[in-house]
Enquirer: 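Attaching a single structure in structure tokens format; questions to follow.
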Amino acid sequence: KETETILIVTDKNKLDIANSIKEAAEKIADYSINSLYDAYSGGFFERNSKDIDLYAEDELILTDKAAQENGIIIFALSKLYTHNGNLLYLNAAIKSFGNMMGSISQHDRGY
């Protein structure tokens with residue numbers, strides 16, 4: 001009976017940790033979509049800050065869309081969609097992927 005109790009507690013702890021991770025991931029995704037996502041053409045901007053203490057005025061917004069970083073968030077949003085079915089995440093991922101297609105080289109570099 002003690003072993004069963006330990007297993008139940010362990011499973012509950014694992015579930016609590018998994019839920020905490022999922023909630024944190026959703027908060028990051030929501031922030032990224034609300035603050036960095038280009039809803040018109042897809043992709044995520046490098047920076048969109050209002051913090052004048054950290055950045056010079058001309059550095060508050062950087063409209064570059066780095067392919068590597070966008071690739072990471074596209075993957076993360078796709079995984080989140082598979083866990084919670086939120087179409088907002090899937091739509092942002094697909095639109096961003098389409099935007100990034102122009103950043104992918106058609107030829108390898110001879111490696």
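Worth knowing before you read on, the calculation uses all heavy atoms, side chains too, and leaves out hydrogens, waters and symmetry mates.
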Enquirer: Going from CZ on Phe97 to CE on Met101, what distance comes out if it is rounded to the nearest 0.5 angstrom?
Expert: 4.5 Å

Enquirer: Hey, does the side chain of Asp38 reach the backbone of Tyr40 with a donor-acceptor pair shorter than 3.5 angstrom?
Expert: yes

Enquirer: What closest approach, in Å, do Ser41 and Lys65 show between heavy atoms, and which atom pair accounts for it?
Expert: OG-NZ, 3.1 Å

Enquirer: If we only count heavy atoms from C-beta on, is the Phe44 to Ile33 side-chain gap below 4.5 Å?
Expert: yes

Enquirer: Which value, rounded to the nearest 0.5 Å, describes the distance between Glu23 atom CD and Ile21 atom CD1?
Expert: 10.5 Å

Enquirer: Only counting residues at least two apart or in another chain, list the ones meeting side-chain contact (heavy atoms from CB on, under 4.5 Å) with Ala25.
Expert: Leu80

Enquirer: Under the side chain to side chain donor-acceptor pair (under 3.5 Å) rule, what pairs show up with a residue in residues 86-97, not counting sequence neighbours?
Expert: Asp30-Tyr89

Enquirer: In Å and rounded to the nearest 0.5 Å, what is the CG to CG distance from Asn70 to Asn99?
Expert: 7.0 Å

Enquirer: With no hydrogens and no angle check, is any side-chain donor or acceptor of Ser35 less than 3.5 Å from a backbone partner on Ser32?
Expert: no

Enquirer: According to a 4.5 Å side-chain heavy-atom criterion applied to Ile, Leu, Val, Met, Phe, Trp and Tyr, with indirect links allowed, do Ile72 and Tyr37 form part of one hydrophobic cluster?
Expert: no

Enquirer: When you group the ILVMFWY residues by side-chain heavy-atom contacts below 4.5 Å and let the links chain together, are Leu77 and Leu88 in the same group?
Expert: yes

Enquirer: To the nearest 0.5 Å, what is the distance between CG (Asn84) and CD (Glu26)?
Expert: 4.5 Å

Enquirer: Is there a continuous path of hydrophobic side-chain contacts, each under 4.5 Å between heavy atoms, that joins Tyr81 to Met100?
Expert: no

Enquirer: Under 4.5 Å between any side-chain heavy atoms of Asp64 and Phe45, yes or no?
Expert: no

